[in-house]
Amino acid sequence: MTAHATRAAEKLRQHGLVAGTLTVFFHTNRHRLDRPQYSGSRSTRITTMSSDTFDLVEAARRGAQAAWPKGQGQTYGFTKAGIMLADLIRFEDRPLTLFDVEKPKSAALMSALDRVNKRFGKKRWSLRVKG
């Protein structure tokens, strides 16, 4: 999920967009009926619409934790996982809230991340998430 969110944030920045909603999904192979089946998805609002990698990775982590199978004592062989973004608007048109906090170093950090991925290839660098 982290790699998907990192790449999605990069694409948002390339197009000058921000996202307001992130949906996480994952499922097992529905054609393998001999294995345990599970399909999960959760949508989460990104409180301050963003294209910041840290914000999208955190939203993806929250969604995955909420959708993850709990207490069933089974192991699943997931075959597909991903994220979808919604409520996309231009960065300049994003609604601001009273409690928005400026992150002056964030823009420089996102620019550096984009340059590294452009130079060495997509998904070469992504965040490590504990939990």
Trainee: Determine, for Arg61 against Glu58, whether the closest basic-nitrogen to carboxylate-oxygen distance falls under 4.0 angstrom.
Mentor: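 A salt bridge links Arg61 with Glu58.
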
Trainee: In chain order, what residues pass the side-chain contact (heavy atoms from CB on, under 4.5 Å) check against Phe26, with sequence neighbours excluded?
Mentor: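 In terms of side-chain contact (heavy atoms from CB on, under 4.5 Å), with neighbours along the sequence ignored, Phe26 is linked to Met1, Val24, Tyr38, Ala67, Trp68, Pro69, Phe78, Ala81.
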
Trainee: Does the side chain of Lys80 reach to within under 4.5 Å of the side chain of Phe25, using non-hydrogen atoms?
Mentor: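 Yes, their side chains come closer than 4.5 Å.
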
Trainee: Which atom pair, heavy atoms only, marks the closest approach of Ala60 to Ile83?
Mentor: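 Closest approach of Ala60 to Ile83: CB-CG2, 4.5 Å.
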
Trainee: Please check: side-chain N/O of Arg13 versus main-chain N/O of Ser51, any donor-acceptor pairing under 3.5 Å?
Mentor: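 Yes, the answer is positive, given that a donor and an acceptor are paired below the 3.5 Å cut-off.
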
Trainee: So, for Ser50 and Leu56, which heavy atoms are closest and what is the spacing to 0.1 Å?
Mentor: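 Here Ser50 and Leu56 meet closest at O-CD1, 3.6 Å.
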
Trainee: Return the minimal non-hydrogen interatomic distance between Thr23 and Ser43, and the atom names on each side.
Mentor: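 Smallest interatomic distance, heavy atoms only, reads OG1-OG, 2.6 Å.
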
Trainee: Which heavy atom in Leu12 sits nearest to a heavy atom in Ala19, and how many Å separate them?
Mentor: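 Shortest heavy-atom contact: CD1-CB, 3.9 Å.
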
Trainee: Tell me every residue that passes salt bridge (Lys or Arg N to Asp or Glu O under 4.0 Å) with Asp55, counting only those two or more places apart in sequence or in another chain.
Mentor: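 If we apply the salt bridge (Lys or Arg N to Asp or Glu O under 4.0 Å) test to Asp55, skipping adjacent residues, the hits are Lys103.
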
Trainee: Working to the nearest 0.5 angstrom, can you tell me the gap between Thr44 OG1 and Arg42 CZ?
Mentor: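 The OG1 atom of Thr44 sits 11.0 Å away from the CZ atom of Arg42.
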
Trainee: Identify, with sequence neighbours excluded, every residue that meets side-chain contact (heavy atoms from CB on, under 4.5 Å) alongside Arg90.
Mentor: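 Partners of Arg90 under the side-chain contact (heavy atoms from CB on, under 4.5 Å) test: Leu17, Glu92, Asp93.
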
Trainee: List the residues meeting side-chain contact (heavy atoms from CB on, under 4.5 Å) with Thr79, not counting sequence neighbours, and say none if there are none.
Mentor: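 If we apply the side-chain contact (heavy atoms from CB on, under 4.5 Å) test to Thr79, skipping adjacent residues, the hits are His27, Asn29.
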
Trainee: Going by side-chain heavy atoms closer than 4.5 Å, which hydrophobic residues are tied to Val18, directly or by a chain of links?
Mentor: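 Met49, Ile89, Phe91, which link up through side-chain heavy atoms under 4.5 Å apart, make up the rest of the cluster.
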
Trainee: Is there a donor-acceptor pair under 3.5 Å between the side chain of Gln14 and the backbone N or O of Ala9?
Mentor: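 Checked: no pair found.
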
Trainee: Kindly write out the residues that satisfy side chain to side chain donor-acceptor pair (under 3.5 Å) with Asp87, not counting sequence neighbours, or none if the list is empty.
Mentor: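 For Asp87 the side chain to side chain donor-acceptor pair (under 3.5 Å) partners, ignoring immediate neighbours, are Thr21, Arg45.
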
